[in-house]
Amino acid sequence: LHVAILASILALIIYWLIRDRYRVRNLNGKHVFITGCDTGLGNSLAKWLDKKGFCVIAACTTEKGSQELRSCSSLSLKTVNLNLADSNSIARAVEFVTEQTAGKGLFGLVTNAEGTAPVGPTDWLRVEDFHSVLDVSLLGLIEITLKFLPLLKKAEGRIVNLINAKGLMAFVGGGYSLSKWGMEAFSDTLRIEMQHFGVKVSIVEHGFFKEEVVNSGIIEKYLFKLWNRLTPEIRDSYGEKYFFE
């Protein structure tokens, strides 16, 4: 029995070593679509994949972000403006990618979106505060993934969902952690279903990046906004000591 267990562990180690040595070849003509490319991780990834030779299509939320990214990338990198909270904007982005791939399908989809993340005690929040992050960082990412599935299946591509690990710690009210846990569940389900089509689905749980350090002044400002709009009953139930300490 011990020999069988050791043999299984050895086989698994060998499999991992072989798998980790695998590299994608013939990068020319392979299209990768990345969301959230104005700044931060999405921006850095778009530049890196562009240098590697992929045909990168980078989605930015602003025209300024698109222009800055194109100015420091190769001519093969394309950008498209995308608002993940707007189904029409998603449809336009999918149409653009379909034209760019010209029947080849989509080799890679990388989703990366933080959205607006109001934080505070749950009963200080309204449902629209949850929508402000869930509509982008969960429902928007799910919608664009669903729209791209035909192209991904055609190319037997892969989906990589970038999830900030800090969102997996539910220590504050709001939609931020809900969106991250929701993307984890969506990815796990989709991974099983897409095996039949040769499409790989991965999750990358990344940590903090310098660009993502949240200014404490912004958080404090938003908490003041929440506090000031509370009903007298809720405010009195907490008391000013709770807020200011």
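Note: hydrogens, waters and symmetry copies are ignored here, and every other heavy atom, side chains too, is used.
Nearest heavy-atom pair, Ile142 versus Met183, reported as atom, atom and distance to 0.1 Å: CG1-SD, 4.3 Å. Here the closest heavy-atom approach between residue Leu69 and residue Ser73 is recorded as O-OG, 2.7 Å. Between Ile34 and Ala46, the closest heavy-atom pair is CD1-CA, 3.7 Å. Taking every heavy atom of both residues into account, Ala155 and Lys104 meet most closely at CB-O, 3.6 Å. Between Leu149 and Ile159, the closest heavy-atom pair is CD2-CD1, 4.1 Å. Shown here for Gly42 and Cys37, the closest heavy-atom pair between the two residues is O-SG, 3.7 Å.
Every residue meeting the side chain to side chain contact (heavy atoms under 4.5 Å, CB included) condition with Thr62, not counting sequence neighbours, appears here in chain and number order: Asp38, Lys64. With sequence neighbours left out, the side-chain hydrogen bond (donor to acceptor under 3.5 Å, both in side chains) criterion links Ser177 to no other residue. Glu68 pairs by the salt bridge (charged side-chain N to carboxylate O under 4.0 Å, His left out) definition with nothing, not counting sequence neighbours. With sequence neighbours left out, Ser187 forms a side-chain hydrogen bond (donor to acceptor under 3.5 Å, both in side chains) with Asn161. Arg70 is linked by a side chain to side chain contact (heavy atoms under 4.5 Å, CB included) to Glu63, Ser66, Gln67, Leu77, Thr79, counting only residues two or more places apart in sequence or in another chain. In this structure Leu139 satisfies the side chain to side chain contact (heavy atoms under 4.5 Å, CB included) test together with Asp135, sequence neighbours excluded. For Lys147, the salt bridge (charged side-chain N to carboxylate O under 4.0 Å, His left out) partners at least two apart in sequence or on another chain are Glu143. Under the rule for a salt bridge (charged side-chain N to carboxylate O under 4.0 Å, His left out), Asp86 has no partner lying at least two apart in sequence or in another chain. Every residue was checked against the salt bridge (charged side-chain N to carboxylate O under 4.0 Å, His left out) condition with Arg92, not counting sequence neighbours, and none meets it. In terms of the side chain to side chain contact (heavy atoms under 4.5 Å, CB included) criterion, residue partners of Lys200 (sequence neighbours excluded) are, by chain and number, Arg158.
Between the side chain of Lys154 and the main chain of Gly103, a donor-acceptor pair closer than 3.5 Å is present. Ser44 contributes no side-chain N or O that, together with a main-chain N or O of Leu41, makes up a donor-acceptor pair within less than 3.5 Å. Between the side chain of Asn112 and the backbone N or O of Gly36 there is at least one donor-acceptor pair closer than 3.5 Å. Listed for the Asn43 side chain is no donor-acceptor partner under 3.5 Å among the backbone atoms of Gly40. Of the possible donor and acceptor atoms, none in the side chain of Asn81 sits under 3.5 Å from a partner among the backbone N and O of Thr61.
Side-chain atoms of Val201 and Glu193, non-hydrogen and from C-beta on, never get closer than 4.5 Å to each other. Taking the side chain as every heavy atom from C-beta outward, Tyr238 and Asp123 approach each other to under 4.5 Å.
For the atom pair NE2 of His31 and NZ of Lys78, the computed distance is 9.0 Å after rounding to the nearest 0.5 Å. With rounding to the nearest 0.5 Å, the separation of OG1 in Thr35 from CD1 in Ile57 is 13.0 Å. Here Leu106 contributes atom CG and Glu156 contributes atom CD; the two are 13.5 Å apart, rounded to the nearest 0.5 Å. Here the CZ-NZ distance, from Phe197 to Lys153, works out to 4.0 Å after rounding to the nearest 0.5 Å. Annotation: the span from Asn88 atom CG to Asn83 atom CG amounts to 10.0 Å, rounded to 0.5 Å. With rounding to the nearest 0.5 Å, the separation of CD in Glu95 from OG1 in Thr98 is 7.5 Å.
Identified under the ring pair (Phe, Tyr, Trp, His ring centres under 6.0 Å) test for residues 145-166, with sequence neighbours left out: Phe33-Phe148. Sorted by first and then second residue, the ring pair (Phe, Tyr, Trp, His ring centres under 6.0 Å) pairs involving residues 58-77 (not counting sequence neighbours) form an empty list.
If you run side-chain contact (heavy atoms from CB on, under 4.5 Å) between Val32 and each of Leu49, Leu109, Asp50, Leu45, only Leu49 comes through.
Ion pair Arg126/Asp129 not flagged as a salt bridge, since none of the NZ, NE, NH1 or NH2 atoms sits closer than 4.0 Å to an Asp/Glu carboxylate oxygen.
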Criterion side chain to side chain contact (heavy atoms under 4.5 Å, CB included) on Val133 and Leu178, from CA distance to verdict: CA-CA 9 Å; Val133 60; Leu178 293 177; over 6 Å; no
- request: Decide yes or no on side chain to side chain contact (heavy atoms under 4.5 Å, CB included) for Glu184 and Glu205, but give the supporting numbers first.
  value: CA-CA 10 Å; Glu184 290 262 347; Glu205 295 175 354; 2.5 Å; yes
